[in-house]
Amino acid sequence: MKSELKTQKTKESVSKFIATIEDEEKRKDSKTLLKIFTDTTKEKAAMWGPAIVGFGTFSYKSERSTQQGDWFLTGFSPRKQALTLYMMAGVKNYPDYLEKLGKYKLSGGSCLYIKKLSDINIDVLKEMIAVAFKDAKARYI
């Protein structure tokens, strides 16, 4: 018996979601990230669950469980503690970018945590997103 992923793509509006972010700096950073991810991936943003903005889609099947379904190739979520950026190709695969990025934290294989965009080099982030998105597409599609 297969189980579906809890986080599913929704029809909710990305811009409405961003408008509901209470913290002004996080809301502004989220608008900037929306533009960066849209320009870099050439994909239309979509809401995944109540709080993730995702770009691109691939079919996912876990090797460790029975979970399967669709998932996004890259995206972000303005979490309370930090802006969480998701790179399904694996963040640790890009040490050269991480070295030049600025202030961040890592967790798991695909998550990059940034307090605010002013803490990082935006040009490095754009390049990293572009390469990670291309690598994820090559791996999963």
Side-chain angles (χ1 to χ4, degrees), residues 2-141:
K2 67 181 180 183
S3 62
E4 286 192 357
L5 297 167
K6 285 183 184 176
T7 303
Q8 300 281 331
K9 189 175 186 179
T10 73
K11 301 249 187 249
E12 298 302 313
S13 164
V14 172
S15 54
K16 281 183 183 172
F17 165 68
I18 290 174
T20 66
I21 300 168
E22 289 182 21
D23 181 275
E24 187 178 341
E25 185 174 24
K26 198 161 278 176
R27 187 172 55 249
K28 186 176 171 237
D29 283 354
S30 294
K31 287 178 183 176
T32 301
L33 284 173
L34 177 60
K35 180 167 177 29
I36 289 170
F37 276 91
T38 301
D39 291 350
T40 303
T41 66
K42 308 290 186 242
E43 296 278 348
K44 188 177 184 325
M47 290 302 301
W48 288 78
I52 298 173
V53 179
F55 300 83
T57 307
F58 70 99
S59 292
Y60 168 88
K61 181 171 179 356
S62 174
E63 295 172 9
R64 294 181 297 228
S65 73
T66 59
Q67 282 189 333
Q68 65 182 53
D70 290 335
W71 199 246
F72 53 93
L73 289 165
T74 192
F76 69 93
S77 181
R79 305 278 185 203
K80 191 172 189 172
Q81 295 296 322
L83 296 163
T84 304
L85 280 60
Y86 302 95
M87 297 182 196
M88 295 307 133
V91 178
K92 292 176 184 170
N93 292 330
Y94 307 101
D96 295 346
Y97 292 108
L98 291 172
E99 192 177 295
K100 300 181 271 185
L101 187 61
K103 219 170 141 183
Y104 67 87
K105 288 184 180 175
L106 295 178
S107 177
S110 305
C111 298
L112 177 69
Y113 299 104
I114 299 167
K115 284 279 185 199
K116 53 189 186 256
L117 291 183
S118 59
D119 286 344
I120 62 161
N121 182 319
I122 295 292
D123 291 331
V124 171
L125 179 65
K126 287 177 183 177
E127 287 179 37
M128 188 174 172
I129 291 168
V131 172
F133 182 72
K134 182 179 158 224
D135 290 350
K137 276 179 81 170
R139 183 181 301 166
Y140 297 116
I141 296 180

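Nothing here was measured: the structure is a model prediction, and the numbers come from that model. Side-chain atoms are counted along with the backbone in the values below, which use heavy atoms only and exclude waters and symmetry mates. Residue indices begin at 1 and follow the sequence shown.
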Query raised in the report: For Ala51, does its backbone N or O pair with a side-chain atom of Ser77 as donor and acceptor, under 3.5 Å?
Result: yes
Report summary line: Closest non-hydrogen contact found for Met128 with Leu98 is CE-CD2, 3.6 Å
Report summary line: Looking only at heavy atoms, the pair that brings Gly56 and Trp48 closest together is O-CZ2, 4.4 Å
Query - From OG1 (Thr74) to NZ (Lys137), nearest 0.5 Å - result: 12.0 Å
Query - Residues Tyr113, Gln81; criterion side-chain contact (heavy atoms from CB on, under 4.5 Å); working and verdict - result: CA-CA 9 Å; Tyr113 299 104; Gln81 295 296 322; over 6 Å; no
Query raised in the report: What pair of heavy atoms forms the shortest contact from Ser30 to Phe76, and how long is it?
Result: O-CZ, 3.6 Å
Query raised in the report: With side chains defined as the heavy atoms from C-beta onward, is the minimum distance between Val131 and Tyr94 less than 4.5 Å?
Result: yes
Query - Main-chain N/O of Lys35 paired with Thr38 side-chain donor or acceptor, under 3.5 Å - result: no
Report task. Measure the spacing between CG of Leu101 and CD1 of Ile122 and express it to the nearest 0.5 Å. Result -> 8.5 Å
Report summary line: dist Thr32:OG1 -> Lys116:NZ (nearest 0.5 Å) comes out at 14.5 Å
Report task. Indicate the ring-plane relationship of Phe72 and Tyr86, choosing parallel, tilted or perpendicular according to the 30° and 60° boundaries. Result -> perpendicular
Query raised in the report: Distance from Ile52 atom CD1 to Thr7 atom OG1, nearest 0.5 Å?
Result: 5.0 Å
Report summary line: Ser110 and Met88 have their tightest heavy-atom pair at OG-CA, 4.0 Å
Report task. Report the C-alpha separation of Asp29 and Ile114 in whole Å, then their side-chain angles, then the decisive distance to 0.1 Å, and conclude whether the side-chain contact (heavy atoms from CB on, under 4.5 Å) test is met. Result -> CA-CA 10 Å; Asp29 283 354; Ile114 299 167; over 6 Å; no
**Report entry** Leu125 CG to Ile120 CD1 distance, which is reported to the nearest 0.5 Å
**Finding:** 4.0 Å
Report task. Check whether any side-chain heavy atom of Ile141 lies under 4.5 Å from a side-chain heavy atom of Leu73, and answer yes or no. Result -> yes
Report task. Starting from the C-alpha separation in whole Å, work towards a yes-or-no answer on side-chain contact (heavy atoms from CB on, under 4.5 Å) for Asp70 and Lys9. Result -> CA-CA 8 Å; Asp70 290 335; Lys9 189 175 186 179; over 6 Å; no
Query raised in the report: Is the shortest heavy-atom distance from the side chain of Leu112 to the side chain of Thr84 under 4.5 Å?
Result: no
Report task. Start with the C-alpha distance between Asn121 and Lys100, add both sets of side-chain angles, then the distance that settles side-chain contact (heavy atoms from CB on, under 4.5 Å), and finish with yes or no. Result -> CA-CA 7 Å; Asn121 182 319; Lys100 300 181 271 185; 5.8 Å; no
Query raised in the report: Asn93 and Ala89: which non-hydrogen atoms are nearest, and at how many Å?
Result: ND2-O, 2.5 Å
Query - Spacing of CG belonging to Asp135 relative to CE belonging to Met87, to within rounding of 0.5 Å - result: 11.0 Å
Query raised in the report: Counting distance only, does the side-chain N/O of Lys26 pair as donor-acceptor with the main-chain N or O of Arg79 below 3.5 Å?
Result: yes
Query raised in the report: Lys126 side chain to Thr40 main-chain N or O, any donor-acceptor pair under 3.5 Å?
Result: no
Requested in this report: Can you see which heavy atom on Phe55 is nearest to which on Gly75, and at what distance?
Outcome: CD1-CA, 4.0 Å
